[in-house]
Structure formats: structure tokens, C-alpha cells
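Everything on this sheet refers to the single structure shown next.
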Amino acid sequence: MTQRANVTQSTQNAMRIPGEWAHHESVWLAWPAAKDLWEEDLPAAQKEFADLCRAIQISEKSEHLQILVRTEAEELEARAGLKGLRATFHRIPYGDIWLRDTAPIFECDPETGAQKANVFQFNGWGGKYLLPG
């Protein structure tokens with residue numbers, strides 16, 4: 001007869017990934033700037049991106065924008081496009097603006113507010129694309 005371990009999980013101080021519908025302190029986005037990817041659609045993509053950011057910040061309780069940019073020039077361009085919005089800019093290399101596949105997933109402790117980031121090894125969708133860096 002096999003003995004089973006008696007495992008209990010404490011609900012206290014358990015880290016959780018908040019649901020997409022839950023209020024978040026910040027939302028992380030990447031400025032569309034790659035001319036080779038967007039080509040003639042780049043200005044329209046940047047306008048749509050700015051509109052998305054404005055929609056995220058429709059109220060005083062809205063999430064703070066954490067915007068990735070790759071260069072000083074892109075940061076200046078993003079600042080102009082997002083003028084009037086609460087945003088922090090981070091210069092960091094990234095491939096595509098879709099961060100869901102490449103950025104960390106954050107967990108938080110609902111009791112203490114502690115946070116941690118889970119970072120995964122991204123393989124460029126099975127090697128389809130070269131990774132930055």
C-alpha cells in the first residue's frame with residue numbers, strides 16, 4: 001500500500017496572479033516604432049496605440065502606463081504621442097509590441113501587497129523570429 005503525503009496549502013500569504021478584469025496598479029505596453037514591421041502603417045498604429053492608452057486612463061483610478069521604448073528618439077516620439085497621460089518610460093530592447101508573450105507575468109500577495117515577476121524563456125514562437133539581444 002502506498003502512503004500518500006498529507007499536503008495542505010495555506011491560503012495566507014499565497015501569491016496570486018490577478019485576473020485580467022481585476023484592477024491593476026500598472027499596465028505594461030511597448031511603443032510601436034519598428035518601421036520595418038509597420039512600414040506605411042506606423043503612424044496609424046501609433047495613433048491607435050495612443051487611443052488605447054487614453055481608454056486605459058479614463059478615470060482617476062485608472063492604471064499607470066509603463067511604456068517600453070528602445071531608444072531616446074522613440075521615447076521622445078512616444079512622449080509626444082501620449083502627452084497628458086500618466087506614463088513612465090523604460091528604455092529596453094523588445095521585438096514586437098505584443099508583450100503578453102514576452103513580458104513577465106506578475107503575482108501579488110493580496111494580504112501584504114508583495115509582488116514578484118515570473119520571467120519565462122521565450123523562444124520566438126518556436127524560432128519563427130529572431131530574439132533581440
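Start at 1 with the first residue, then count along the sequence. Values in this document were obtained by computation on a predicted structure and should not be read as measured data.
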Please find the pair of heavy atoms, one from [X] and one from [Y], that lie closest to each other, and give the distance.
X	Y	answer
A87	I67	CB-CG1, 4.1 Å
W38	P32	NE1-CB, 3.7 Å
P110	A14	CD-O, 3.4 Å
E63	R86	O-NH2, 4.1 Å
L85	C53	CD1-CB, 3.6 Å
P43	E40	CD-O, 3.6 Å

Open item on the list: Within the structure provided, determine whether W31 and R70 are in side-chain contact (heavy-atom separation under 4.5 Å).
Closed with: no

Taking atom [atom1] of [X] and atom [atom2] of [Y], what is their separation to the nearest 0.5 Å?
X	Y	atom1	atom2	answer
L68	R91	CG	CZ	12.5 Å
I17	K116	CD1	NZ	9.0 Å
L82	D51	CG	CG	10.0 Å
H90	E75	NE2	CD	9.5 Å
L42	F49	CG	CZ	12.0 Å
Q66	L99	CD	CG	11.5 Å

Task: Check against side-chain contact (heavy atoms from CB on, under 4.5 Å), I97 and L37 - done: CA-CA 11 Å; I97 66 169; L37 292 175; over 6 Å; no

Open item on the list: Closer than 3.5 angstrom, by distance alone: can the side chain of R54 be matched with the main-chain N or O of A50 as a donor-acceptor pair?
Closed with: yes

Open item on the list: Tell me whether E25 contacts the main-chain N or O of H64 through its side chain, where contact means a donor paired with an acceptor under 3.5 Å.
Closed with: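 Not at all, since once roles are kept as given, no pair shorter than 3.5 Å links the two residues.
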
Open item on the list: For F106 and W28, take the angle between the two ring planes, folded into 0 to 90°, and tell me which bin it lands in: parallel under 30, tilted 30 to 60, perpendicular over 60.
Closed with: parallel

Open item on the list: Does V27 form a side-chain contact (heavy atoms from CB on, under 4.5 Å) with L65? I'd like the steps, not just the answer.
Closed with: CA-CA 5 Å; V27 60; L65 302 170; 3.5 Å; yes

Open item on the list: Does E72 have more than 12 heavy atoms from other residues, nucleotides or ligands lying within 6.0 Å of its CD?
Closed with: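 No, CD of E72 has 12 or fewer neighbouring heavy atoms, counting only those of other groups under 6.0 Å.
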
